Amino acid sequence: MWILTVRSPDSKPSEYLLKPGINSIGRRQDNDILVSDEAASRLHAQAFLDDKTETLTIRDLGSRNGTYINRRRLTENFDFKLSPNDVVRIGLFELLVTQQSPSREQELAANGLQPYSRELLLESFDNHAILLYEVIQQLNNILDIEVALKEVSRLLKVTLGADKCEVIRAEDFSRLEELGFPRSIAQTAIDQRSAILLPSQEPQTRSLLENTARQLNIHTVLCVPVISNDKPIALIYLFKTRKDTRYFGQRDMQLAVAVSHLAALTIERVSLMERVREEQRIRQLLQRFVAPVEAEFLLRNYLNTGNLPELSEQRLTVLFVDIAGSNGLAERMGARAFGGLLERYYQDITDIIFQYGGLLDKYLGDGVMAIFGMGGKGQPEARAVEAALEILRQVEGRYRSPERNIDIGIGINTGNTLAGYVSTKERVELTVVGDAVNVAAGLEALARPNRILLGPETAAVVQGQFKTRALGPQQIKDRSHPVDVTEVLPH
């Protein structure tokens, strides 16, 4: 008995048992073999089965787009003798010619285990170019890996007529049995980098199916690794459970191999795009805190390790700067004008902090908190004081006039802190906490108008480098003991 298996990218395979005599093929609904493709004519071709000689021939009936046998166009009104495993193509539809064997055992013509190789891949693409064209079209615009894997699973399940198909990522290989797939078959495919087709003519692979799939009532299995850079990054697993369906064959295996390669390329493409998006996201977030050069350094570390520096105990110098009497200033200037002033003020302060190797921690209403010493550069105390003096000069030159008096205060303190980056998928925050931070904030509140006050550890390091004046113990808000305070005097 001769059978035509009709396959297309978006419908399940259909099997037609050819009757003796003429079997019509075309787009019209009353054809013996229906080909629902816009490239097919209403009456496209006919297959003739001679029941005496058991020979099968096919003839193109003058179709506009042609009938192709094994990738060669059939001459119009010429009877071509078909052989088992010939492939007839009409538009995007493939018609596989098979001759049913007297025994089911004789159907098992394919090797059960075939190593994943360039030659296998090229053969697979060569034999399924039309179907794969449609697969490529559908995968090309997918931007999410999970969506891509689901689409690969859907396409193969439909095209190969599988009862179940899933693309399992490498991180889920340990969950194969939980997902409903025989583990030993999958492990063989993974370990040997091979496509597995079961049952097959090889006794050892047939026993593999019998030993592992009996409990799942599996009739035939196809298992193909998705290989990238010689590593299995996923596994395509298909099986049928119904006994009345045909076994997966060599062409099914080839199609799955070719699609596995397209899946690998899609995963690589989407992963690269996600990596670029992640890199851009982290770069933009880091540039909120540090100068562009420092941001690139932290970004490289992040891309190498997958992590930004986590919270850890660090000795840092903390700088707070704040505008005095900002509420009254906002009332006098008006919201729009005051907002424009704050925008310029933040930009100037940020530029100065970056200039002296500091990190921007956060904006605080009309103030700024900055950190020195986290990047490993020398003399963070001196750099913080230099930045503070530059801020005073900037405010005096750009923000003070007879019509508008702006006063600021700057507090600087050095000590042990808990510092690092706390990140989620949506944002990154530089976090610095500890008593040294609280003291710096308290000094800033005392540093009015337009003064720079230092805590004792900062003052001890910069003594002799700047003109200073000791103010003695000063009480700071929310502290039980006074703090020795030193004032930095302008040059």
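Because only heavy atoms are used, hydrogens play no part in the values below, and waters and symmetry mates are left out as well, while side chains stay in. In this text the structure is predicted, and so the values were computed from the model without any measurement.
Looking only at distances, a side-chain donor or acceptor of Arg383 sits under 3.5 Å from a matching main-chain atom of Gly357. A side-chain donor-acceptor contact under 3.5 Å links Lys240 to the backbone of Arg246. Judged by distance alone, with hydrogens and angles left aside, the side-chain atoms of Asp144 form a donor-acceptor pair with the main-chain N or O of Val147 at under 3.5 Å. Ser260 contributes a side-chain N or O that, together with a main-chain N or O of Val257, makes up a donor-acceptor pair within less than 3.5 Å. A side-chain donor-acceptor contact under 3.5 Å links Thr159 to the backbone of Leu155. Ser153 places a side-chain N or O within donor-acceptor distance of the main-chain N or O of Cys165, the cut-off being under 3.5 Å. The closest donor-acceptor contact from the side chain of Arg89 to the backbone of Glu94 lies at 3.5 Å or more, if one exists at all.
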| message | Apply side chain to side chain contact (heavy atoms under 4.5 Å, CB included) to residues Leu453 and Glu444 and explain how you reach the verdict. | response | CA-CA 7 Å; Leu453 300 185; Glu444 175 269 314; over 6 Å; no
| field | Asp322 vs Arg448, salt bridge (Lys or Arg N to Asp or Glu O under 4.0 Å): CA-CA, chis, key distance, verdict | value | CA-CA 10 Å; Asp322 187 69; Arg448 308 293 169 82; 3.2 Å; yes
| field | Working for side chain to side chain contact (heavy atoms under 4.5 Å, CB included), residues Gln475 and Val483 | value | CA-CA 6 Å; Gln475 189 62 47; Val483 173; over 6 Å; no
| field | Check against side chain to side chain contact (heavy atoms under 4.5 Å, CB included), Val221 and Ile196 | value | CA-CA 8 Å; Val221 168; Ile196 295 182; 5.5 Å; no
| message | Is there a side chain to side chain contact (heavy atoms under 4.5 Å, CB included) between Ile168 and Leu176? Walk through the geometry before answering. | response | CA-CA 8 Å; Ile168 303 162; Leu176 284 162; 3.3 Å; yes
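Residue Ile408 holds its CD1 atom at 13.0 Å from CZ of Arg451, rounded to the nearest 0.5 Å. Interatomic distance, CD1 of Ile145 versus CD1 of Ile267, reported as 6.0 Å (0.5 Å rounding). Annotation: the span from Ile391 atom CD1 to Asn450 atom CG amounts to 12.0 Å, rounded to 0.5 Å. Between the NE2 atom in His261 and the CG atom in Leu120 there is a gap of 11.5 Å [rounded to 0.5 Å]. To the nearest 0.5 Å, atom CG of residue Leu198 and atom CD1 of residue Ile218 are 9.5 Å apart. Put simply, CG on Leu319 and CD1 on Ile452 are 8.5 Å apart, with the number rounded to the nearest 0.5 Å.
Open room surrounds CD on Glu343; 12 or fewer heavy atoms of other groups in view lie less than 6.0 Å from it. The environment of CG in Asp191 is crowded: more than 12 heavy-atom neighbours from other residues, nucleotides or ligands sit within 6.0 Å. Within 6.0 Å of the CD atom in Gln474, the count of heavy atoms belonging to other residues, nucleotides or ligands exceeds 12. No more than 12 heavy atoms of other residues, nucleotides or ligands lie within 6.0 Å of CD in Glu38, so this atom counts as exposed by the packing criterion.
You'll find the side chain of Ile190 stays beyond 4.5 Å of the side chain of Pro225, heavy atoms only. Annotation: side chain of Phe239 is not in contact with side chain of Thr220 (no heavy-atom distance under 4.5 Å). Counting heavy atoms from C-beta outward, Ile412 and Leu443 have side chains that stay 4.5 Å or more apart. Counting heavy atoms from C-beta outward, Asp126 and Arg71 have side chains that approach closer than 4.5 Å. A 4.5 Å side-chain heavy-atom check between Lys157 and Leu238 finds every atom pair outside the cut-off. Contact of the Ile410 side chain with the Phe320 side chain is not registered, since no non-hydrogen atoms from C-beta on lie closer than 4.5 Å. Within the 4.5 Å cutoff, no side-chain heavy atoms of Gln114 are placed close to those of Ser194. By the 4.5 Å heavy-atom criterion applied to side chains, Leu265 and Ser228 are not counted as neighbours.
Using modelled atom types, one finds no donor on one side chain facing an acceptor on the other under 3.5 Å when comparing Glu381 with Gln465. No hydrogens or angles considered: a donor-acceptor pair under 3.5 Å links the side chains of Arg154 and Gln138. Residues Glu123 and Gln254 have side chains that bring a donor and an acceptor to within less than 3.5 angstrom of each other. Gln192 and Gln187 share no side-chain donor-acceptor pair at under 3.5 Å. For Asp351 and Gln347, the side-chain atoms include at least one donor-acceptor pair closer than 3.5 Å. Asn413 and Thr458 are not linked by any side-chain donor-acceptor pair at a separation below 3.5 angstrom, with hydrogens and angles left out of the test. For the 3.5 Å distance criterion, the side chains of Gln314 and Thr417 fail to qualify, holding no donor opposite an acceptor.
The minimum heavy-atom distance linking Arg193 with Ile227 is given by the pair CD-CD1, 3.8 Å. Among all heavy-atom pairs drawn from Phe173 and Pro232, the shortest one is CE1-O, 4.3 Å. Nearest approach of Arg479 to Asp435, heavy atoms of both residues: NH1-OD1, 2.5 Å. Counting all heavy atoms, side chain and backbone alike, Ser174 lies closest to Arg183 at CA-NH1, 3.7 Å. Taking every heavy atom of both residues into account, Phe93 and Val6 meet most closely at CD2-CG1, 3.5 Å. Nearest heavy-atom pair, Ala39 versus Asp37, reported as atom, atom and distance to 0.1 Å: N-OD1, 2.7 Å.
Geometrically, Lys164 does not engage Tyr237 in a cation-pi contact, judged by NZ or CZ lying under 6.0 Å from the ring centre and within 45° of the ring axis.
Classification of Arg393 and Glu396 as a salt-bridged pair fails, no side-chain N sitting under 4.0 Å from a carboxylate O. Residues Arg469 and Glu487 are paired through a salt bridge, judged by an N-O separation under 4.0 Å between the basic side chain and the carboxylate. Note on Arg169 versus Asp172: no salt bridge recorded, every NZ/NE/NH1/NH2 to OD/OE distance being 4.0 Å or above.
When each of Asn416, Leu359, Ile371, Leu418 is paired with Leu316, the side-chain contact (heavy atoms from CB on, under 4.5 Å) condition holds for Ile371 and for no other.
Classification of the Tyr247-His219 ring pair by plane angle, with boundaries at 30° and 60°, yields parallel.
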